[in-house]
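Indexing begins at 1, ligand by ligand and atom by atom, following the structure's order.
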Amino acid sequence: MRRTQYLLPTQKDDPAGVEIASHRLMLKGGMIRQLAAGIYDILPLGLKSLRKVEAIVREEMNKAGALEVSLPYVQPAELWQETGRWDGNGKELLRFQDRHGRDFCLGPTHEEVITELVRANIKSYKELPINLYQIQLKFRDEIRPRFGLMRGREFVMKDAYSFDADEKGLDESYQAMKKAYQNIFARCGLTYKSVMADSGNIGGSASEEFMVLASSGEDAVVSTKAGDYAANIEKAQSEEFIAQLPSEKYTKLSKVATPGAKTIDDVCSQLSIDAKETVKTLIYKADEKYVALVLPGDRQINEIVLPGVLNAKKVVPATEKEVAEITSIPFGSLGAIDLQKHIPKISTVVFDTLVHPGRHYTMGANEKEFHFVGAKAGTDFEIKNVAHMHLVHAGDKQVGSDQALQIDRGIEVGHIFKLGTKYSVDMNAMFLDAQGKQKPFMMGCYGIGIGRTLAAAIEQNHDEYGMMLPPQIAPFEVAIVVVKYKDEKQQKVADELYENLQSKGFDVLLDDRDTSVGVKYKDADLIGVPICITVGPKGIEQGVLEVKIRWKQEKETIEPAQIESFIRSAFENGKRV
Ligand code: ATP
Ligand code: MG
């Protein structure tokens, strides 16, 4: 591509109000332009890189036996009503009506559409398994679109859906996708972890996320140093190193006045104790029932697990008003001793796994401005129901081992998920099995954010001068910077080199602008072209080429005949070396 004929509006200054590197560099480097919140124009340079990511994804999906389709972006409400997601999904689902007043939405995902397609076309186990995928636009009216393509409202996703006759088949389809994902992210040059994820209440049985480790990541990844455990914070479980718990100040049950204390911090500072010596009692509403959840005072609750723990569809914290309706005890004075006697409306009390039987705790005395100290777990208060409900802290102990857990930031670039029969049952998508019986399809779904993957690659590969993408997804592989393109000699050498490298299959940007060489170098660094070749009077006179690899400091001088092998060895195995 000749720069003078290319749309590449690079910017000198950093764009305002941008928080992370990939967003800043994609704007500054002329890859994208924001049209509305979370909605972007993709410029030629950005599209080049995105297409390279897509090509890798497509190749690996095809290799894994998946078939490409293209499903509509505009989807009729009726399908979403079949699964209950028309009303069940919140405002992320953008709904609208056509001229006849019929309801539609912009597709945030395609489970409904694909299940309808398979329901209509596959009748027998003999036609299974099948895996269909597409690389296509999605729309989610995200509450907080930000970070450019990382969390857009309109974005491109590769989504695949597998259909099998049974659990065993689903497991094979899932493993094939897992392998494909490993190949894809390795080929994109990403350092990632695949982590266990929560399958939520969709009814799925297994789910893994592919996390690119980066400080700007919105997700937290819990893992061991040894690498034998990695989970999304929502799924992660932990124990505590008992020896590291604070020594107990109070070991005998007594009631103490805590005037004005409303929070755990207030109680701790009044009694000079650590929050780990306290337990707090939270009131939640599980569907229509009130429940109390008891956990150490220093811990936060992992709300994602609550529907599973309480076997309920929807679990939310009870509002202050609701608590006031069932008891006159103020919120900060609630405690586990005789709780259900004080508040009969509470149907269940569940204790977190970190409330250790035998240890003594401080807790509300179910009386305004009083607390119990030295309440022995299992003795002074009964522990009947126990569940893992706390969010893991860094430094916790791995369950069933002596290893400490660490927490890193991660960007979720991909997600694989065993859906089971949730959608096929809801949508009555059945096939005939070998015994001639009607059975619902066993489904899996598998997503990769194309733009998010590129953004994550930039997060992991940049420096103060700009992007430093690995050659396989960099927009161009080679830049030719011509010192003075108007000079006949330089023009001839540059044009020949340009034609020659293109004929060898390289993706080349010829900077033929009538501007200073400094500006041209700056742009080549900004957009992260892996190899930069200078064509100028000095090199021409000496019959050599001056080359620089983007991720190395020094310039090198080589014979023109060696340029091809020079580039190929810098790109060995498709990776930068
Ligand atoms: P998140 O928790 O980040 O919102 P999600 O769980 O909603 O992600 P999935 O529904 O599993 O995401 O979608 C599959 C993939 O699509 C994600 O792994 C991610 O790469 C991409 N993706 C999801 N939401 C967005 C978005 N708003 N912008 C860009 N990519 C996205
Ligand atoms: Mg989301």
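For the side-chain hydrogen bond (donor to acceptor under 3.5 Å, both in side chains) condition, the pairs that include at least one residue of residues 61-73, sequence neighbours left out, are R58-E68, E60-K63, N62-Y133, E68-Y133, Y73-E154.
For S194, there are no side chain to side chain donor-acceptor pair (under 3.5 Å) partners, not counting sequence neighbours. Taking E78 as the reference, nothing meets the salt bridge (Lys or Arg N to Asp or Glu O under 4.0 Å) condition, with sequence neighbours excluded.
For ligand 1, the 4.0 Å heavy-atom shell takes in R140, E142, L149, M150, R151, G152, F155, M157, E412, V413, G414, H415, G449, R452, ordered by chain and residue number.
Relative to the six-membered ring of Y174, K418 meets both conditions, a distance below 6.0 Å and an angle of at most 45° to the axis. At least one cation-pi condition fails for K522 and Y465: the charged atom is not both under 6.0 angstrom from the six-membered ring centre and inside a 45 degree cone around its axis.
Relative ring orientation between Y6 and F476 is described as perpendicular, the plane-to-plane angle rising above 60° on a 0-90° scale split at 30° and 60°.
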